[in-house]
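Below is one structure, written out as structure tokens; the observations come after it.
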Protein chains: 2
Amino acid sequence: MERVCRELFRSGSDSIRIKKEETAVKNLMAILEAALNLSVKKGFDAMSLRDLQAESGLSMGCLYSYFPGKEALLHIMQDQGRKFVMGIMAEALEEPAPPEEKLEMAIRTHIYLSENMQKWFYFSYMETKNMGRDEAKKAIESELLTESIFRDILEEGEKAGVFSFEDANLTAAMIKAMLQDWYLKRWKYKNRQIHVDEYANFLIRFIRKALVQP
Amino acid sequence: MERVCRELFRSGSDSIRIKKEETAVKNLMAILEAALNLSVKKGFDAMSLRDLQAESGLSMGCLYSYFPGKEALLHIMQDQGRKFVMGIMAEALEEPAPPEEKLEMAIRTHIYLSENMQKWFYFSYMETKNMGRDEAKKAIESELLTESIFRDILEEGEKAGVFSFEDANLTAAMIKAMLQDWYLKRWKYKNRQIHVDEYANFLIRFIRKALVQP
DNA sequence: GTCTATAGCCGGATAGAC
DNA sequence: GTCTATCCGGCTATAGAC
């Protein structure tokens with residue numbers, strides 16, 4: 001969280017009117033944390049800036065020296081989160097490896113990442129539709145990029161003769177759908193006391209079974 | 001749609017102040033259709049009653065003689081839709097059949113139902129979090145009920161020796177996640193020109209592969 | 001049954017004191 | 001850098017004419 005906020009400050013967004021890095025980062029953290037909590041609880045639209053003021057411990061006027069308006073805040077949250085997530089995914093997959101290992105690595109990385117950033121993933125998914133055309137486009141591109149990571153691994157595996165499937169696109173889409181269930185239906189898995197390791201292990205085996213020739 | 005609205009009228013909800021069935025049903029259809037369209041486009045919260053007035057062709061005052069307030073409208077939409085969907089699913093699965101056929105029947109019914117009622121399914125999923133405690137509970141129960149339909153079929157199949165899997169609950173959850181992708185990511189499948197039959201056929205084979213012993 | 005007009009409130013945004 | 005006070009527009013909801 002601190003890493004994200006520091007980067008946001010240093011990116012030199014002219015909407016931040018604060019000069020001192022330490023105070024800026026500290027308050028940005030309070031703001032984004034509060035906004036995420038409230039958005040997940042009641043939805044970004046339903047969250048008023050007065051709610052945000054109370055939850056973050058800052059005043060109305062102070063909020064506005066960190067972002068120029070409510071809509072801009074939504075974009076900041078989406079953008080910064082996306083950059084961070086994409087960075088982690090790319091980092092995890094940069095070393096070459098055989099397709100089976102790479103698939104497992106990609107699945108595990110995504111699940112553990114969405115475990116640690118569960119609120120952001122949930123928020124990002126649910127609020128995509130409320131964004132303007134250009135921002136919605138970025139969200140879609142991001143979804144397709146993640147999906148293409150899996151599609152590429154599948155195709156590599158097919159060439160190498162270790163995977164067999166009908167349609168790489170559809171298979172990748174199904175993998176993505178199953179990954180998303182982990183952060184979208186968290187209440188369900190919590191109630192059933194399914195731990196993240198259990199979910200990841202199950203999913204890897206489930207997918208592997210579907211990837212072999214009958 | 002007409003069927004749902006007529007039933008809503010006849011259920012004798014005292015919030016409907018209109019006496020003549022034909023006018024009531026006609027207007028209810030206009031209202032629910034408009035509300036669904038607007039909710040899907042911009043979200044239920046962001047839809048104002050003035051939007052609804054314009055889209056439905058009725059006046060502000062008239063709207064209020066069909067439902068007592070905006071929040072009540074949300075509940076009506078959720079409730080009526082849920083009743084209808086559950087009725088169809090139960091109807092489709094009432095006849096006994098071997099587990100393999102039953103599984104296919106359940107998957108197809110759900111996919112084609114969510115194809116025909118795509119907007120309602122999308123709306124219902126996205127707006128669950130905005131509802132009060134009691135209504136949210138009903139939505140969760142409904143999700144678990146659908147899931148249990150699949151879990152029961154899986155367990156029947158395991159006893160009969162035709163299916164083999166690690167965990168019935170998790171497997172059912174994964175099936176549900178893949179069914180949901182069809183109506184949640186409709187833009188994706190539309191762009192790729194994946195027809196509903198293609199999706200259903202693919203999914204059935206994909207799941208079947210994951211249900212056999214390696 | 002349906003309409004228009006209006007009450008009353010709440011949210012986003014800003015000005016300017018400290 | 002942060003606060004309080006205030007403006008203004010849009011929202012839900014209702015009253016009462018037709």
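Order of the sequence lines sets the chain letters (A, B, ...), proteins ahead of strands, with each chain counted from 1.
Counting to the nearest Å, the P atom of D:dC3 and the CG atom of A:Leu58 are 6 Å from each other. Atom pair A:Leu74:CG and C:dG12:P shows a separation of 13 Å (rounding to whole Å applied). Separating the CD1 atom of B:Ile16 from the P atom of C:dG1 is a distance of 12 Å, rounded to the nearest angstrom. Remark: C1' of C:dG11 and CD of A:Glu71 are 15 Å apart, rounded to the nearest angstrom. Rounding to whole angstrom units, OH of residue B:Tyr64 and C1' of D:dA13 are separated by 5 Å. Rounded to whole Å, the distance from NZ on A:Lys70 to C1' on C:dA13 is 13 Å. Between the C1' atom of C:dG12 and the CE atom of A:Met60 lies a distance of 6 Å, rounded to the nearest Å. Put simply, CZ on A:Arg17 is 12 Å from C1' on C:dG16, counting in whole angstrom units.
Listed for the A:Ser142 side chain is no donor-acceptor partner under 3.5 Å among the backbone atoms of A:Lys138. Side chain of B:Ser48 to backbone of B:Asp51: a donor-acceptor contact under 3.5 angstrom is found. Side-chain atoms of B:Ser148 never come within 3.5 Å of backbone atoms of B:Arg151 as a donor-acceptor pair (strictly under, hydrogens ignored).
Using a 4.0 Å heavy-atom distance criterion, B:Tyr66 is classed as a sugar-phosphate-only contact.
Counting only N and O atoms by type, the side chains of B:Ser124 and B:Gln78 include a donor and acceptor under 3.5 Å apart. A donor atom on one side chain and an acceptor atom on the other are not found under 3.5 Å apart for B:Ser13 and B:Ser11.
Heavy-atom distances under 4.0 Å link DNA chain C to B:Ile18, B:Lys19, B:Lys20, B:Asn27 of residues 18-32 of chain B, given in residue order. Near-neighbour residues of DNA chain C inside residues 38-57 of chain A, defined by a heavy atom below 4.0 Å, number-ordered: A:Met47, A:Ser48, A:Leu49, A:Arg50.
Contacts of B:Glu127 classified as side-chain hydrogen bond (donor to acceptor under 3.5 Å, both in side chains), with partners at least two apart in sequence or in another chain: B:Asn130. Listed by chain and number, the residues in a side-chain hydrogen bond (donor to acceptor under 3.5 Å, both in side chains) with A:Asp181 are A:Lys185, A:Tyr189 (sequence neighbours excluded). Under the side-chain hydrogen bond (donor to acceptor under 3.5 Å, both in side chains) criterion, A:Glu115 pairs with A:Trp182, A:Arg186, not counting sequence neighbours.
Using cut-offs of 30° and 60° on the angle between ring planes, the pair A:Tyr183 and A:Phe121 is tilted.
Of the charged side-chain nitrogens involved, none lies within less than 4.0 Å of a carboxylate oxygen, so that A:Asp134 and A:Lys137 do not count as a salt-bridged pair.
Bending across the helix from C:dG1-D:dC18 to C:dC18-D:dG1, expressed as the angle between its end axes from five pairs apiece, amounts to 0° (10° rounding).
Screening B:Lys26, B:Met29, B:Glu7 for a side-chain contact (heavy atoms from CB on, under 4.5 Å) with B:Glu2, the sole residue that qualifies is B:Met29.
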